[in-house]
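Reading through the structure tokens given below for one structure.
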Number of protein chains: 2
Amino acid sequence: MESNKILVVDDETDILTLLSYNLKKAGFDVLTAKDGPEAIEIARARQPGLVILDIMLPNMDGTEVLKQLKADTKTAGIPVIMLTAKGEEVDRIVGFELGAEDYITKPFSPREVVLRVKAVLKRFKLPRSDERIITYRDITIDPSKHRVTVRKDTIDLTPTEFKLLKELLEAGGRVLSRDLLLDMVWGQDCYVTPRTVDTHIRRLRSKLGYAGRYIETVRGVGYRIKTEEDQ
Amino acid sequence: MESNKILVVDDETDILTLLSYNLKKAGFDVLTAKDGPEAIEIARARQPGLVILDIMLPNMDGTEVLKQLKADTKTAGIPVIMLTAKGEEVDRIVGFELGAEDYITKPFSPREVVLRVKAVLKRFKLPRSDERIITYRDITIDPSKHRVTVRKDTIDLTPTEFKLLKELLEAGGRVLSRDLLLDMVWGQDCYVTPRTVDTHIRRLRSKLGYAGRYIETVRGVGYRIKTEEDQ
DNA sequence: CCCCATTGTTACAGAACTGTTACAGTTGTC
DNA sequence: GACAACTGTAACAGTTCTGTAACAATGGGG
């Protein structure tokens, strides 16, 4: 998915020309399609970084195309900007239901389109704020902010400690062996004594204070997070 | 400026209750104020995404409150919907002269209010985030004027510093890696040492004075703006 | 109750990271 | 063309992080 390639879908040649010209001037590579099936095919094959899709298309409705793009794993991740005639039914298109990233109503200024495209691309590059915030008892960790709190108190963790805690919490009570943790936190091909894990577990526990007790040693196996049941 | 928070200003408890109930049901967080000074204070402190303001208030006239909100850089960017008794003098309120975004005449149906709120928010949210005034604590940045103020003091920033600060503020507490910042500020295909970011962060911090501390180093990861929660 | 494998604790040195400063190249202005 | 402002890079210093190792404590099996 090269974010520099943009697929523009519209049946009107004038609009294709206008948008192509302006997007190219702004430094993008432009692909075009004139109907739904063509759009889907090109999106799958060329993996553009963004799609601009007219809601009014011959042959297949724009919302239908959008649905199919979002249903296909090869294209689901590509942000889509819809072109709509009037600001009608926009709620249904943008956001959860159909999953377009933004919409622009016709008539539009080419400059506006370029701005929107840039804005959407930027938003997509940002670390996902919707990245899951993990909570266990009083511990909350927010990966996008790289922040850990224990009952409202922020705890400073080093990168290693942070990843370690994240993996443990994500495992949700399953035991993780030292070797597995090495793979997950240190990377698959690193040569470090498994005992290193112990040291970091120790540091983690001590930084977490009383919450450190949630990390349980399973003798001979590894570490796990205590689930609420086993008090 | 969280667009989910809505400040309702009215001296009649009944109306506050009615609007609170309906807005909360629609998924908004509601703040309330019973007079002008209180409204201004809350708007500055809590940064709601929208204000609903009765034109008839004891103590200070609603239009006066509106004027003050629009004059303060910390609140100028917040859209305001006025509640008016009859459709009188509306031209003066809405639009250029006083700068409200919309008005609703009493009596109104709660449903109508919620719809208007959503409409205004949508209008405000989607168009160019580039031009929006961003405020964080004492820092206000106005992209359209390329101006940054820290508690009323204007700070001179170079273009790079400005963009850097803007991206950090817009990320709202999320950590931005050096590479990502290079993409966002320097452009997607530039070959600059990531360490360059450090230097500019340093310059930024020093120009911002005490506010420079809001920029937090996340060792091994990147930089982020301290959110109010993590004291 | 003892022994031994396993784990907790601590200290430490090298590595990695960031802050700070100076400097040179660029650009634009007068 | 001189000058100032702005940038990117490099070098140095200070701090923090991290893996290892040595030693103490623990706990389960016999």
Side-chain angles (χ1 to χ4, degrees), chain A residues 146-148 154-168 175-226, chain B residues 146-148 154-168 175-226:
Chain A
H146 203 271
R147 202 170 145 238
V148 177
T154 301
I155 309 265
D156 274 339
L157 295 185
T158 68
T160 311
E161 288 156 6
F162 187 88
K163 282 186 238 161
L164 191 54
L165 178 60
K166 181 161 164 261
E167 295 298 345
L168 283 169
V175 186
L176 302 179
S177 71
R178 290 176 176 72
D179 287 327
L180 190 53
L181 284 169
L182 281 183
D183 273 7
M184 299 194 299
V185 175
W186 278 257
Q188 33 245 23
D189 31 37
C190 83
Y191 301 94
V192 179
T193 316
R195 283 304 309 274
T196 301
V197 175
D198 295 32
T199 307
H200 283 275
I201 287 281
R202 143 104 174 110
R203 287 167 184 157
L204 238 186
R205 278 178 177 152
S206 105
K207 282 191 183 176
L208 289 178
Y210 72 89
R213 292 180 209 155
Y214 300 160
I215 303 175
E216 185 181 13
T217 306
V218 181
R219 207 182 164 77
V221 188
Y223 297 94
R224 61 179 283 246
I225 291 288
K226 275 193 202 167
Chain B
H146 200 272
R147 239 183 61 175
V148 176
T154 300
I155 308 260
D156 273 340
L157 293 185
T158 68
T160 310
E161 288 156 7
F162 186 85
K163 281 189 239 162
L164 190 56
L165 179 60
K166 178 162 162 268
E167 296 297 346
L168 283 169
V175 185
L176 302 180
S177 70
R178 291 177 176 71
D179 287 328
L180 189 55
L181 283 169
L182 282 183
D183 271 9
M184 300 194 301
V185 175
W186 279 257
Q188 34 239 24
D189 31 37
C190 82
Y191 300 93
V192 178
T193 316
R195 284 304 308 274
T196 300
V197 175
D198 294 33
T199 307
H200 284 273
I201 287 280
R202 144 107 173 109
R203 289 167 183 156
L204 237 186
R205 277 179 178 151
S206 101
K207 282 191 184 177
L208 289 178
Y210 71 90
R213 291 181 210 157
Y214 299 159
I215 303 175
E216 185 180 13
T217 305
V218 181
R219 190 171 238 272
V221 187
Y223 296 95
R224 61 177 285 246
I225 292 288
K226 275 195 200 166

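Proteins get letters first, then strands, A, B, ... in listed order; numbering begins at 1 in each.
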Rounded interatomic separation in angstrom, taking [atom1] from [X] and [atom2] from [N]:
{"X": "A:Leu182", "N": "D:dT20", "atom1": "CG", "atom2": "C1'", "value": "14 Å"}
{"X": "B:Phe162", "N": "D:dT7", "atom1": "CZ", "atom2": "P", "value": "13 Å"}
{"X": "A:Asp179", "N": "C:dT6", "atom1": "CG", "atom2": "P", "value": "13 Å"}
{"X": "B:Arg178", "N": "D:dT9", "atom1": "CZ", "atom2": "P", "value": "14 Å"}
{"X": "A:Leu164", "N": "D:dT18", "atom1": "CG", "atom2": "C1'", "value": "13 Å"}
{"X": "B:Leu157", "N": "D:dC6", "atom1": "CG", "atom2": "P", "value": "10 Å"}
{"X": "A:Glu216", "N": "C:dG8", "atom1": "CD", "atom2": "C1'", "value": "15 Å"}
{"X": "B:His146", "N": "D:dC6", "atom1": "NE2", "atom2": "C1'", "value": "12 Å"}

Using heavy atoms to find the nearest nucleotide of DNA chain C for A:Ile201 and A:Arg219 separately, return the residue whose nucleotide is more 5′.
->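 Comparing both residues, the 5'-ward one is A:Arg219.
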Start at the 5' end of DNA chain C and walk down; is the nucleotide closest to B:Val218 or to A:Asp198 reached first?
->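 The answer here is A:Asp198.
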If we only count heavy atoms from C-beta on, is the A:Tyr223 to A:Val197 side-chain gap below 4.5 Å?
->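 Sidechains of A:Val197 and A:Tyr223: in contact.
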Hey, what's the ring geometry for B:Phe162 with B:His146, parallel, tilted or perpendicular (30° and 60° as the breaks)?
->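 Answer is parallel, since the angle falls under 30°.
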Does a nitrogen or oxygen in the side chain of [X] sit under 4.0 Å from OP1 or OP2 of [N]?
{"X": "B:Arg195", "N": "D:dG8", "value": "no"}
{"X": "B:Arg203", "N": "D:dC6", "value": "no"}
{"X": "A:Thr196", "N": "D:dT20", "value": "yes"}
{"X": "A:Tyr223", "N": "C:dG8", "value": "yes"}

If you check the [X] side chain, which of [options] turns out closest?
{"X": "A:Thr160", "options": "D:dT16, D:dT18, D:dA21", "result": "D:dT18"}
{"X": "A:Thr193", "options": "D:dT20, D:dT18, C:dT18", "result": "D:dT20"}
{"X": "A:Pro159", "options": "D:dA11, D:dT18, C:dG8", "result": "D:dT18"}
{"X": "B:Arg202", "options": "C:dT21, D:dG8, D:dG19", "result": "C:dT21"}

Are the charged groups of A:Glu161 and A:Arg203 less than 4.0 angstrom apart, N to O?
->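 The answer is no: the pair does not qualify as a salt bridge.
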Salt bridge B:Arg178-B:Asp198, side-chain N to carboxylate O under 4.0 Å =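 So B:Arg178 pairs with B:Asp198 through a salt bridge.
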State whether the side chain of B:Arg224 and the backbone N or O of B:Val218 hold a donor-acceptor pair below 3.5 Å, judged by distance alone.
->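 A pair under 3.5 Å: no.
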Most 5' of A:Trp186 and B:Thr199 on DNA chain D, judged by nearest nucleotide =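 That would be B:Thr199.
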Which comes earlier along DNA chain D counting from the 5' end, the contact point of B:Thr158 or that of A:Tyr191, where each point is its nearest nucleotide?
->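 The residue mapped nearer the 5' terminus is B:Thr158.
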